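For clarity, every value in this text was computed on a predicted model and none was experimentally measured.
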Amino acid sequence: MLLTEPIRTLPSLLLPLTGVLFLGGFSSGSFGWAAFGLVGSVLYAVVRWATFTYQVIGDRLELTRALIGRSVRTIPLERIRGVDVSSPPLHRLLGLAVLRIDTGAGGSKQEGELDGVTLVEAERLKAALLWHARARAARRAGARGTVAAHGDGPPGAAVTVPAGPLPGTPESAGPSPATAVPPVRHRSGETLPERVLFVVPRRWLAYGPLSGSYLLTPFAFVAGAAGLAFQWGSELRIDGRIVVGAGEWLWGHPLLLGGALVVLVLAMPVLGAAMYAVFNWDFTLRARDGYLVAERGLLTRRSVSLERRRVRGFELVEGLAERWAGVARAWAIVTGLGDSGTRGQLLSVIPRRAALDVVREAVGPILTGLRPHPPVARRRRLFRAVFPWLVAAACAAVAARSWPPLWWAVAAALVLAVLGVPLGLDRYRSLGHTHEGGRLSVRSGSLRRSQVVIEERAVVGWTLRQTWFQRRAGVLTVVAGVGAGSGGYAAIDVGEAQGVAFAAEVTPAWLAPFTEDAPFTEDAPPS
């Protein structure tokens, strides 16, 4: 840590130290102040390392820091929802890892962080903390014997929680969690082995750029380089007009500019695939001790644990190019999960059939036979896809009378309006919803089509929403409120009777007081 901490703070110190050297004219005094800054960062790392401790005491984890004032952060073990282990490049070279603890408090920031533990210690702590969390929760639920849980086998397997003090706590006289983490067992008494659900083959990394965002990697590099040029120019006393002049010179040579754009476009799939591989190298999904564990990364290796009993469903996402290639991505919908958009990912871009097989084994099968939405929803999708571009073309045509070059904008807007017709039709074909076997599903989108499958027990409320245009069209949007994932999933533009019937089908008792054919009774739940 005395090496990693100064190196991590070096980028933030680089510009101030460079400014000190330039302002001092590279004199011996300026070099002395720069050296003082480097030594100060090392001393700061020493103090941070020496004043931080962590320990498990009874039913809680305590993180203590005494840098200036004493700070103690207490995390109840039973509230631990997940433990993530990541290894940035320098940490991997030194055999270290960063362990982050998630308690489901919300937001993207974890409750606790142990930076600089060894890889062996990180895995030991992860296993011990997750076991303690499950055992304590089971103990509080009154389960001192065998309690039902989602193990690594099929639903309905059992977890054996031993009576008496938990290993590694002051009440126990046995060994520490490093050597006494108890096994999870089937009802038959056999130890559940760790199962590898899926390992993404490396050749499938070529599908990465189909997700879209990675294709912009070359342009992101160019924009970052331009930003650094302006920033360094002011610090190193380089006239910013030189950078602006270079841009103007390139603009004045259209052939050279066109060639540069062609190079960037050709580099899009190559650099996109490279960046995708860096983040998703050897993507592995495992089932271990009641958790789904997703590991990935080339330079920074990251491991995320998702408690299976808190998984309420999944989301299958397909972009337009991904649908054409027959590939998809998958996220788990988990209660109490911070930063679910990143931490909840179950699968990277893989063939859709393989994704459905893996998700079926890890979470559950996808629902088919979605109910279509009324024809008026198709007209609304076409209107929303075409009308804005027609308005833009009309405005550009008015402005083009004063400035003729804008006729190119008129032509572009008309082309986009024409392309909006198949886009609107595809958006309508993507709409659908259903309820079957204790689960419900909604689907929408075209450029990014998403189908969500959630358990009906995850629904905590309903929102029936109508805009003025929807009221005139006789449709509404039904949003199932879920205490997991994004918080709500919508069935867009369903018929008024169809939408109410859908909500009543999933939770009939909730809507009984509000429907005309079901009289209110004293036993009905409060509104």
In sequence, state the C-alpha distance, the side-chain angles, and the governing distance for Val98 and Ser87, and then conclude on side-chain contact (heavy atoms from CB on, under 4.5 Å). CA-CA 6 Å; Val98 182; Ser87 295; over 6 Å; no
Residue pair Ile333 / Gly485: nearest heavy atoms and the distance that separates them: CG2-N, 3.8 Å
In this structure, CG of Leu90 is separated from CG of Leu96 (nearest 0.5 Å) by 8.0 Å
Nearest non-hydrogen partners of Ala325 and Leu210, listed with the distance: CB-CD1, 3.5 Å
With a cut-off of 6.0 Å (strictly less than), are more than 12 heavy atoms of other residues, nucleotides or ligands near CZ of Phe279? no
Given side-chain contact (heavy atoms from CB on, under 4.5 Å), test Phe52 with Thr64 step by step and report yes or no. CA-CA 6 Å; Phe52 179 77; Thr64 305; over 6 Å; no
Which heavy atom of Ala122 sits nearest a heavy atom of Ala97, and at what distance? CB-CB, 4.0 Å
Whether Arg301 side chain and Gly297 backbone form a donor-acceptor pair below 3.5 Å: yes
Which heavy-atom pair separates Val460 from Gly483 by the least distance, and what is that distance? CG2-N, 4.1 Å
Return the minimal non-hydrogen interatomic distance between Pro88 and Thr300, and the atom names on each side. CA-OG1, 3.5 Å
Are any of the side-chain nitrogens in Arg302 or Asp84 under 4.0 Å away from the carboxylate oxygens of its partner? yes
Side-chain heavy atoms of Leu114 within contact of Leu125, under 4.5 Å: yes
Backbone of Leu347 reached by a side-chain donor or acceptor of Gln345 within 3.5 Å: yes
Can you find a pair of side-chain heavy atoms, one from Glu123 and one from Val85, that are under 4.5 Å apart? yes
Could you grab the distance from atom OH of Tyr207 to atom CZ of Arg329, nearest 0.5 Å is fine? 14.5 Å
In Å, rounded to the nearest 0.5 Å, how long is the span from CG of Leu447 to CZ of Arg323? 8.5 Å
Kindly indicate, with the supporting measurements, whether the criterion side chain to side chain donor-acceptor pair (under 3.5 Å) is fulfilled by Arg100 and Ser86. CA-CA 8 Å; Arg100 295 182 176 89; Ser86 61; 2.9 Å; yes
Hey, can you pull the donor-acceptor pairs under 3.5 Å for the side chains in residues 349-365, sequence neighbours left out?
residue, atom, partner, partner atom, Å
Arg352, NE, Glu318, OE2, 2.9
Asp357, OD1, Arg360, NH1, 2.9
Glu361, OE2, Arg195, NH1, 2.8

For Glu315, what residues pass the salt bridge (charged side-chain N to carboxylate O under 4.0 Å, His left out) criterion, not counting sequence neighbours? Arg448
Taking side chain as C-beta onward, heavy atoms only, is Lys126 less than 4.5 Å from Ile101? no
Pairwise side-chain contact, Arg449 with Glu322, heavy-atom cut-off 4.5 Å (strictly under): no
For Leu77 and Gly58 the tightest heavy-atom approach is CD1-O, 3.9 Å
Are Leu129 and Val56 close enough that some pair of their side-chain heavy atoms sits under 4.5 Å apart? yes
So do the side chains of Arg288 and Ser305 get within less than 4.5 Å of each other, counting heavy atoms only? no
Give a yes or no on whether a salt bridge exists between Arg439 and Glu456, defined as a side-chain N under 4.0 angstrom from a carboxylate O. no
Pairwise distance CD(Glu62) to OG1(Thr74) - rounded to 0.5 angstrom: 4.5 Å
Evaluate the side-chain proximity of Leu205 to Trp281: yes if any heavy-atom separation is below 4.5 Å, no if none is. yes
CD (Glu307) and OG1 (Thr335) are apart, to the nearest 0.5 Å, by 8.0 Å
My understanding is that only residues two or more places apart in sequence, or in another chain, count here; which of them pass ring-ring contact (aromatic ring centres under 6.0 Å, His included) with Tyr276? Tyr214
Can you check whether Val452's main-chain N or O pairs, donor with acceptor, with Ser441's side chain at less than 3.5 Å? yes
Pairing of Asp102 and Arg343 as salt bridge, 4.0 angstrom limit: yes
Given side chains that start at C-beta, do those of Leu285 and Val200 come closer than 4.5 Å, heavy atoms only? no
